[in-house]
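Keep in mind it's a predicted model, so treat the numbers as computed, not measured. Because only heavy atoms are used, hydrogens play no part in the values below, and waters and symmetry mates are left out as well, while side chains stay in.
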Amino acid sequence: MSATMAPGRRRLAIRALGHPSFLLGAAISLVVAAMALLSFVWTPHDPTVLDIARKLQPPSATHWLGTDQYGRDVLSMIMHGAVTSMAVSFVAVGIGLGLGVPLGLLAAAQRGIVGEAVMRANDFVFAFPALIIAIMLRDIFGPGAVNAMVAIGIFNVPVFARLAYGAALPLWTREFVMAARVAGKGGGLITLEHILPNMLSLVIVQATIQLSLGVLAEAALSYVGLGVQPPAPSWGRMLNEAQTLMALAPRLALVPGLAIVVTVMGLNLLGDGLRDLLDPRLARER
């Protein structure tokens with residue numbers, strides 16, 4: 001098996017190296033991830049320390065992106081904000097994957113009353129945007145990063161459930177599934193050994209796309225005060241705090257705005273590249 005898989009991996013690597021969207025998206029995503037990891041061990045300044053005497057300073061050798069209205073170093077806040085955005089996005093996508101994919105697979109395997117009940121329940125959850133879920137969680141538990149993760153994660157559940165259901169349903173009519181039934185395999189074993197591996201590429205691509213949407217959702221929730229709370233830095237809250245200073249220091253809104261745009265663009269390009277690389281039909285068309 002390894003002899004047959006090795007050429008496939010080599011072909012995939014060659015196609016990846018020749019795919020501009022994938023390379024650019026991967027490079028941007030790696031830079032953002034590296035910036036987030038670096039902030040755990042080093043930042044130019046402490047992003048939570050207020051220094052009113054140095055407020056609204058322009059970019060300089062001491063503060064590469066200047067300081068905000070409270071004297072905090074903007075670059076340090078951007079670096080720590082990357083941790084917040086990526087952490088919330090990854091946990092939220094993990095919640096969506098961990099709950100949504102099994103539910104979609106269950107609905108496709110059972111169909112009938114069970115499958116219909118699962119999908120209708122997903123439709124009900126899908127009717128509530130992440131913002132509404134976050135407001136409900138805020139009223140019960142208060143605002144915070146955990147509630148933002150849960151809110152975005154709950155919204156992701158029906159997204160992955162629909163994807164898994166739509167991808168798995170036609171696979172149950174394929175010959176290899178019928179052969180597995182004849183061999184005496186049950187529905188659960190068939191799902192794990194045959195259905196899930198054949199739809200895994202779709203799940204990976206969708207997870208990448210949901211990561212980019214998670215960055216946007218986290219920024220939106222923090223912007224309206226439902227996400228990460230002070231003193232922890234957040235790109236969305238940086239935008240909120242900068243909106244009254246557009247005339248004095250437009251860079252305070254421009255820098256976190258660009259960070260959000262570049263991160264989302266990188267993840268979208270990465271997802272687009274993965275879709276092309278993992279789907280041979282799209283690869284042949286291009």
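- Proximity of a side-chain donor or acceptor of R15 to a complementary backbone N or O of L277 within less than 3.5 Å is detected.
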Practice task
Would you sort out whether V177 and T173 count as a side-chain contact (heavy atoms from CB on, under 4.5 Å), showing the intermediate values?
Solution key: CA-CA 7 Å; V177 173; T173 63; over 6 Å; no
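- A donor-acceptor pair under 3.5 Å is absent between the side-chain atoms of R138 and the main chain of G225, judged by distance alone.
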Practice task
For side-chain contact (heavy atoms from CB on, under 4.5 Å), just list the numbers for L99 and F160, CA-CA rounded to whole Å, side-chain angles, deciding distance to a tenth of an Å, and then say yes or no.
Solution key: CA-CA 8 Å; L99 296 177; F160 284 104; over 6 Å; no
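- For H63 (side chain) and G71 (main-chain N/O), no donor-acceptor pair under 3.5 Å exists by modelled atom type.
- D51 is not listed as a side-chain neighbour of R72, based on a closest heavy-atom distance of 4.5 Å or more.
- The closest donor-acceptor contact from the side chain of T43 to the backbone of S39 lies at 3.5 Å or more, if one exists at all.
- You'll find the side chain of R251 reaches within 4.5 Å of the side chain of V74, heavy atoms only.
- Residues L252 and Q69 are in side-chain contact: their nearest non-hydrogen atoms beyond the backbone lie under 4.5 Å apart.
- Between E218 and the options L226, L213, I260, V228, a side-chain contact (heavy atoms from CB on, under 4.5 Å) holds for only V228.
- With hydrogens and angles disregarded, a donor-acceptor distance shorter than 3.5 Å links the side chain of S89 to the backbone of V215.
- A donor-acceptor pair under 3.5 Å is absent between the side-chain atoms of N240 and the main chain of G236, judged by distance alone.
- Closest non-hydrogen pair, P20 versus G18, comes out as CD-O, 3.4 Å.
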Exercise for the section: Any chance you could lay out the side-chain contact (heavy atoms from CB on, under 4.5 Å) test for V49 and Y70, step after step, and finish with the verdict? Expected result: CA-CA 9 Å; V49 171; Y70 302 110; over 6 Å; no
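- Considering all non-hydrogen atoms of both residues, P59 and W64 come closest at CB-O, 3.2 Å.
- Using a 4.5 Å cut-off on side-chain heavy atoms (C-beta onward), P44 and M79 make contact.
- The local environment of CZ in F176 is crowded, with over 12 non-hydrogen atoms from other residues, nucleotides or ligands closer than 6.0 Å.
- R111 CZ: more than 12 foreign heavy atoms inside a 6.0 Å radius.
- The nearest pair of heavy atoms linking D46 to T48 is OD1-OG1, 2.8 Å.
- At distances below 3.5 Å, at least one donor-acceptor pair connects side-chain atoms of S212 with backbone N or O atoms of I209.
- For the pair L97 and V203, the minimum side-chain heavy-atom distance is below 4.5 Å.
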Problem - side-chain contact (heavy atoms from CB on, under 4.5 Å) between H45 and R54, intermediate numbers included - result: CA-CA 13 Å; H45 302 272; R54 292 183 171 85; over 6 Å; no
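- Looking only at distances, no side-chain donor or acceptor of S29 sits under 3.5 Å from a matching main-chain atom of A26.
- Looking only at distances, a side-chain donor or acceptor of T67 sits under 3.5 Å from a matching main-chain atom of L56.
- Aromatic ring pairs are classed by plane angle as parallel below 30°, tilted from 30° to 60° and perpendicular above 60°; the pair F155 and F126 is parallel.
- Side-chain contact between W235 and T263: present, with at least one pair of heavy atoms (C-beta onward) separated by less than 4.5 Å.
- Closest heavy-atom contact between N156 and A92: ND2-O, 3.4 Å.
- Each of S234, S222, P143 was scored for a side-chain contact (heavy atoms from CB on, under 4.5 Å) with Q229, with one residue passing: P143.
- The shortest side-chain heavy-atom distance between I78 and M238 falls under the 4.5 Å cut-off.
- Scanning both residues, G257 and L239, for their nearest heavy atoms gives N-CD2, 3.9 Å.
- Contact record, L274 with I204: CD1-CG2, 4.3 Å, taken as the closest heavy-atom pair.
- More than 12 heavy atoms of other shown residues, nucleotides or ligands fall within 6.0 angstrom of atom CG in L17.
- Contact check for V83 versus F40: side-chain heavy atoms found under the 4.5 Å cut-off.
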